[in-house]
Amino acid sequence: MSFQNYLTAELEKLGQAENWPEFDTARAAVEPPRDAAHGDMATNAAMVLAGQVKQNPRALGEKITEILKNHPDVTAAEVAGPGFVNFRLKPEIWQSCLKTVLESGTAYGDSDIGRGRHVNVEYVSANPTGPLTAGHARGAVVGDALAALMQKAGYEVIREYYINDAGAQVEKLARSVYLRYREALGEEIGEIPEGHYPGEYLKEVGEALKNRDCTMWTEAEEKDWLPVCKEIALEMMMEEIRRDLQDIGIKHDVFTSEQAIIDAGAVDEAFSILEGRDLIYTGVLEPPKGGQRPDDWEERPQTLFRATEFGDDVDRPLKKSDGSWTYFANDIAYHWDKYKRTQGALINILGADHGGYVKRLSAAVTALTEGKASVECKLCQMVHMFDNGEPVRMSKRAGTFVTLRDIIDKVGGDVLRFIMLTRKNDQTLEFDFAKVVEQSKENPVFYVQYAHARCCSVLRNAVEMFPDADLSDAALAEANLSLLETEEDLALIRLMAGWPRFVRSAAEAAEPHRIAFYLQELAAAFHAFWTKGRGETQLRFLLEDNRPLSMARLALVRSVALVTASGLAVMGVQPVEEMHA
RNA sequence: GCGCCCGUAGCUCAGCUGGAUAGAGCGUUGGCCUCCGAAGCCAAAGGUCGCAGGUUCAAAUCCUGCCGGGCGCACCA
């Protein structure tokens, strides 16, 4: 029985015995205290209940102390501060945690809080009009790590990519490709005109079209070559995007095409549902006040969705002036489709520049599903690129920007992934090409990997020292773990014992970056232990003349490696076993 | 003008969904290599948690209003 349940049950009894008024223990928690010096576990129950049952918190704390002391695993308990009850557990409780780690491997920390429920994580979803950039990289990593985290927490996860292959942007793309096609045929095209994508990356698309169709389209009209250019451009761009993603270990389960959603009539369907609920009307929007008023603003009636009824600031247009659907209308249909397919929660990972979009989207989802579902949008703030402290100049208009491919080539996927998770998603992130490959403690990637490598190194040395010993995880799990009784041993064990709790709360908060911070903390504790062993022989992992303790310490070291690997797996980073200069 | 996000040590950032004396890295100062990897560790100094109210046993955390910075603001995606 958990301490939480034990305590609530005992408090119920006490309440009856002492004739307390009605009380609620929901906010009474049993948790490890923030400061380990306070003990192994602590509860705020006395403070939560004091007001409800009209008793002095410290006096109530004394009674709770007695209750806890009766628990077989508790060795000591005391009231502290304003009414906390701190208590200590038998060392065996902690030591046995290592056995669990060794038996579970990297599955340690898995939980079932998701209870198999479905969650759809949509991420990247970059326009297929160019290569993925540094900004996309962040969303890609955050989304993928979140998906892995939810999986570890017991959710059934669908990883999805929405391809914006309809609308004006892809037509612009197609026209740009047509220019490159004519260029490939030897024509002098000069400067790429306004309203086209200037990037060099389209040259190879034009080239490919030339190689396939020769001069077939040179004399054709736009209505004939446009679909051709569009198709080949989309195909090649998506291929490149998939390849980039694959090279950082990202593979989506589902790619959904915006055009396919439209073609399937899903937009009409969603529209008529909303219309049936009287959520569509024709009206005139006010222009935005203040400095940002567009100069080409024309006041005219539009087909609007009553987003304001669901918390948005204004009602939102569903049709453009030419009568076609807006992006938003398509997106409503897409989310309706996604909801029907997913049968569960929807999470979108978006760039910060889409911040103004989330209210209308959740309004639409709430409206369509009649409140049965909602979409949670996580916004990733911008990534600022540096090289050794110098900002890397980027200009979208000139077509010069740092691509995901650049980063992979320069620092590799593991570094990229780790660094992208070293900030909370709504915090801007600095990415410095020079710093992220530095081999020192200020680089968290290195610091954590180094800890893992050191663990592996100890295990390699153990083979030398005890050639006849069975050092498999199963064997180490049977070591005499009660020998791990120093404060240093227990500190490390406590940290690892908290891993499952940590994973759960990170999953509940949908914050994968926390994993990176946990791993740094674990690495720090391990490095500290290591260094202490240099001075105090008894704190070394391997003691030639003390085989039982060595085996127990190996169980500890191996556990550190496994927990680290377990965390890195969520982040999608490969643990390294050796690092040499 | 409106909406969303951010404001915590000199700098870059955590802070486990309201808990005890607010933490880490860099930088500064001073220590630790006959011994498992010193690419590491230990210690010291450094804070009105942007400001002002409010909620309660308890606020960096929740609410309101300001101040400062970022992003966005019909028919783009």
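Protein chains get the first letters and strands the later ones, always in sequence-line order, with residue 1 at the start of each.
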Is [X] close enough to [N] that one of its side-chain N or O atoms is under 4.0 Å from OP1 or OP2 there?
X: S457(A); N: G37(B); value: yes
X: W530(A); N: A38(B); value: yes
X: N461(A); N: G37(B); value: yes
X: H452(A); N: G37(B); value: no
X: Q427(A); N: U12(B); value: no

Strictly under 6.0 Å, is that where the ring centroids of F541(A) and F526(A) end up?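 Ring centroids of F541(A) and F526(A) are less than 6.0 Å from each other.
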
Show me the pairs that pass side-chain hydrogen bond (donor to acceptor under 3.5 Å, both in side chains) and involve residues 455-464 of chain A, at least two apart or across chains. none

Think K319(A) forms a cation-pi with F271(A), using NZ or CZ under 6.0 Å from the six-ring centre and within 45 degrees of its axis?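 Relative to the ring axis of F271(A), which defines the angle, K319(A) lies inside both limits.
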
Under the salt bridge (charged side-chain N to carboxylate O under 4.0 Å, His left out) rule, collect the residues that match up with D337(A), sequence neighbours excluded. R341(A)

Of all residues at least two apart in sequence or in a different chain, which pass the ring pair (Phe, Tyr, Trp, His ring centres under 6.0 Å) check with F305(A)? none

Intra- and inter-strand pairs of RNA chain B in dot-bracket (Watson-Crick or G-U wobble, both distances under 3.5 Å; | for another strand): (((((((..((((.....[...)))).(((((.......))))).....(((((..]....))))))))))))....

Using distance only, find each side-chain donor-acceptor pair of residues 530-537 of chain A under 3.5 Å and give its atom names and separation, not counting sequence neighbours.
{"from": "T531(A)", "atom 1": "OG1", "to": "H527(A)", "atom 2": "O", "distance (Å)": "3.0"}
{"from": "K532(A)", "atom 1": "NZ", "to": "E488(A)", "atom 2": "OE2", "distance (Å)": "2.9"}

Do nucleotides 17-29 of chain B as a string where each nucleotide becomes B, S or -: B if the base has a protein heavy atom under 4.0 Å, S if just the sugar-phosphate does, - if no protein is that close. BBBB----SS---

